[in-house]
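For the single chain, residues carry numbers from 1 onward in sequence order.
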Amino acid sequence: MNMNERIAVWNEEAQNCTCGHDHRLVQMQVYLEHGAIQRLPGHLSEQGYRHVTIVYDRYTGSAAGYEVVNKLRQTGVHVDEISMPENKAGHVVADEVGIVQVLLGVKLGSQAIIAVGSGTIHDLVRLVCSKMNKPFLSVPTAASVDGFTSAGAPLIVSGVKQTFQAVPPEAIFADIDILEQAPQEMNAAGFGDMLGKYTSLADWVVSRDLGGEPFCPVAYRMTEEALTTCVQHVQGIAEGRADGVTVLMDALIASGISMLIIDHSRPASGGEHHLSHRWEMDLMEAGHKPVLHGAKVGVACALLTVKYKDLAQKSNESVFRVYNNLPNASQLTDWLEQVGGPTTTEQLGVSMEMVEHALTTAHLLRDRYTGLKYINEILNAGSK
Ligand SMILES: [Zn+2]
Ligand SMILES: [Zn+2]
């Protein structure tokens with residue numbers, strides 16, 4: 001089954017799900033194939049879009065942006081381009097400055113905005129599309145993150161990383177010819193973001209049983225299957241082969257859709273993401289260059305796994321036995337190393353103080369009942 005057929009199956013399962021969650025009907029077109037961007041002109045003409053805006057940066061412009069611009073102009077579409085400027089440190093950041101830069105570049109007559117790039121550009125564009133009520137189209141240039149197909153836009157506003165509800169793409173053109181050209185560190189980051197599902201899924205069980213939070217078995221299974229397939233293909237991903245990158249992108253898209261279906265990041269984001277968000281803010285404050293989201297998540301997952309297995313031993317709460325099923329931390333770091341990603345906080349540039357700061361405060365970033373929250377608020381509080 002191709003992705004669009006699987007979305008139809010997931011939609012049907014979700015509509016019949018009795019978990020109590022609202023389930024969004026996903027109406028996204030997904031093209032994950034060689035030459036996927038060739039479908040863009042047809043999509044625009046079907047939708048009647050004759051004037052669009054394309055957003056890219058210095059790297060993603062040459063990876064795909066310029067080609068998309070030329071292709072669309074040849075078919076008579078009016079195209080405005082926004083080449084995202086970099087900050088003083090040479091980076092495009094998903095913050096209030098970036099939001100304004102996109103906003104200012106979109107003309108009123110533009111009928112849709114096309115994000116060409118990785119997570120950062122997508123998050124800026126999805127927010128602006130949501131505020132300007134314009135359709136959002138996605139051309140990912142790397143299999144680096146699972147946020148492409150979700151509705152949430154993680155943005156740093158006033159120095160605080162927060163996720164804003166925005167809009168999912170109307171269609172995603174994931175062109176394997178483009179994705180397989182991406183640097184291996186981007187694949188490693190996408191793989192790290194997927195590995196993080198081990199702890200996020202376990203944390204979801206804890207959120208349900210200790211926090212009484214909503215739990216959707218359909219979204220849980222979608223994410224679990226995506227994770228399992230990804231790990232089975234670690235070799236192809238490590239070699240950056242087209243088949244490996246395809247499996248990875250497929251998993252990341254599925255993970256994003258699982259969040260979209262229940263309009264919440266629960267399946268794909270637990271304590272490991274909270275640690276990663278804390279590090280991101282601390283690194284930014286320290287003037288450190290940004291580190292890929294998935295690179296931080298992968299390392300955080302391994303670190304948290306040690307804490308969680310320990311918690312499963314120490315606590316009488318039976319729910320924490322779920323952490324016994326996590327792979328060993330050494331297995332997680334072996335996989336990260338195999339795909340060529342960082343395996344230690346040191347390699348991320350995260351200091352021991354930042355590790356400690358995150359372990360003791362990251363649970364305060366989101367209103368979620370995770371093992372990390374329990375460790376801080378019950379276990380450690382009780383031993384003081
Ligand atoms: Zn993530
Ligand atoms: Zn459900």
Side-chain angles (χ1 to χ4, degrees), residues 24 26-28 30 47 49 51-57 59-61 65 68 80-87 91-142 144-174 193 252-253 255-266 268-269 273 276-277 280-281 284 290 292-294 365-367:
R24 182 203 295 251
V26 178
Q27 285 168 318
M28 186 188 307
V30 179
Q47 299 293 322
Y49 306 150
H51 180 178
V52 299
T53 310
I54 301 185
V55 185
Y56 52 77
D57 66 19
Y59 302 102
T60 66
V68 171
D80 299 323
E81 296 169 70
I82 302 178
S83 177
M84 289 299 291
E86 292 155 6
N87 66 10
H91 305 285
V92 177
V93 181
D95 62 3
E96 51 270 76
V97 175
I99 295 166
V100 171
Q101 283 159 343
V102 177
L103 266 176
L104 294 176
V106 179
K107 305 214 170 98
L108 275 181
S110 177
Q111 293 168 288
I113 312 179
I114 305 173
V116 180
S118 61
T120 305
I121 288 178
H122 275 70
D123 292 329
L124 293 168
V125 170
R126 89 173 69 244
L127 185 90
V128 169
C129 283
S130 147
K131 296 295 178 192
M132 294 183 82
N133 200 18
K134 291 187 192 294
F136 162 40
L137 301 174
S138 157
V139 178
T141 52
S144 57
V145 73
D146 70 354
F148 296 113
T149 48
S150 78
L155 301 164
I156 297 179
V157 177
S158 307
V160 180
K161 174 114 174 176
Q162 308 165 62
T163 300
F164 297 88
Q165 278 311 102
V167 288
E170 173 182 278
I172 171 168
F173 304 86
D193 204 18
L252 293 166
I253 288 173
S255 172
I257 293 176
S258 79
M259 294 189 262
L260 185 60
I261 282 185
I262 57 166
D263 245 324
H264 204 287
S265 63
R266 279 192 183 90
S269 163
H273 271 71
S276 153
H277 294 334
E280 181 170 353
M281 290 185 264
M284 201 168 78
L292 290 169
H293 166 77
L365 292 173
R366 296 286 183 278
D367 188 18

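- Annotation: side chain to side chain donor-acceptor pair (under 3.5 Å) contacts of Q165 (sequence neighbours excluded): D263.
- A donor-acceptor contact shorter than 3.5 Å is absent between the side chain of E86 and the backbone of V92.
- With contacts defined as side-chain heavy-atom distances shorter than 4.5 Å, the pair V125/C129 qualifies.
- Counting heavy atoms from C-beta outward, Q162 and V157 have side chains that approach closer than 4.5 Å.
- Partner of L155 under the side chain to side chain contact (heavy atoms under 4.5 Å, CB included) criterion, chosen from D95, L127, T163, T120: L127.
- Put simply, the side chain of M259 does not reach to within 4.5 Å of the side chain of S269, judged on heavy atoms.
- Considering only residues two or more places apart in sequence or on other chains, H293 meets the side-chain contact (heavy atoms from CB on, under 4.5 Å) condition with V145, D193, H273, S276, H277, V297.
- You'll find the side chain of F136 reaches within 4.5 Å of the side chain of V167, heavy atoms only.
- Residue pairs meeting the ring pair (Phe, Tyr, Trp, His ring centres under 6.0 Å) criterion with at least one partner in residues 147-171, sequence neighbours excluded, are H122-F148.
- For H91 (side chain) and V93 (main-chain N/O), no donor-acceptor pair under 3.5 Å exists by modelled atom type.
- Within 6.0 Å of CG on L104 lie more than 12 heavy atoms contributed by other residues, nucleotides or ligands.
- Partners of K134 by salt bridge (charged side-chain N to carboxylate O under 4.0 Å, His left out), not counting sequence neighbours: none found.
- Using a 4.5 Å heavy-atom threshold, the side chains of V116 and I54 count as touching.
- Taken to the nearest 0.5 Å, the CD1 atom of I156 stands 10.5 Å off from the CG atom of D123.
- Legend: residues meeting salt bridge (charged side-chain N to carboxylate O under 4.0 Å, His left out) with E96, ordered by chain and number and at least two apart, are absent.
- Separation of atoms CD (Q47) and CD (Q111) is listed at 10.5 Å; rounding is to 0.5 Å.
- Taken to the nearest 0.5 Å, the CZ atom of R24 stands 11.0 Å off from the CD1 atom of I262.
- Across I253 and A174, no two heavy atoms sit closer than the pair CD1-CB, 4.4 Å.
- Residues V102 and M84 are in side-chain contact: their nearest non-hydrogen atoms beyond the backbone lie under 4.5 Å apart.
- By the side chain to side chain donor-acceptor pair (under 3.5 Å) test, E280 pairs with K161, sequence neighbours left out.
- No hydrogens or angles considered: a donor-acceptor pair under 3.5 Å links the side chains of T53 and S110.
- Rounding to the nearest 0.5 angstrom, the gap separating the NE2 atom in H264 from the OG atom in S150 is 12.5 Å.
- When all heavy atoms are compared, the tightest approach of P168 to R126 is CA-NH1, 4.1 Å.
- One distance of note links OG of S144 with CG of L252; it measures 7.5 Å at 0.5 Å rounding.
- Residues V106 and D80 fail the side-chain proximity criterion, which asks for heavy atoms closer than 4.5 Å.
- By the 4.5 Å heavy-atom criterion applied to side chains, V55 and L124 are not counted as neighbours.
- Atom CD1 of I82 and atom OH of Y56 lie 9.5 Å apart (nearest 0.5 Å).
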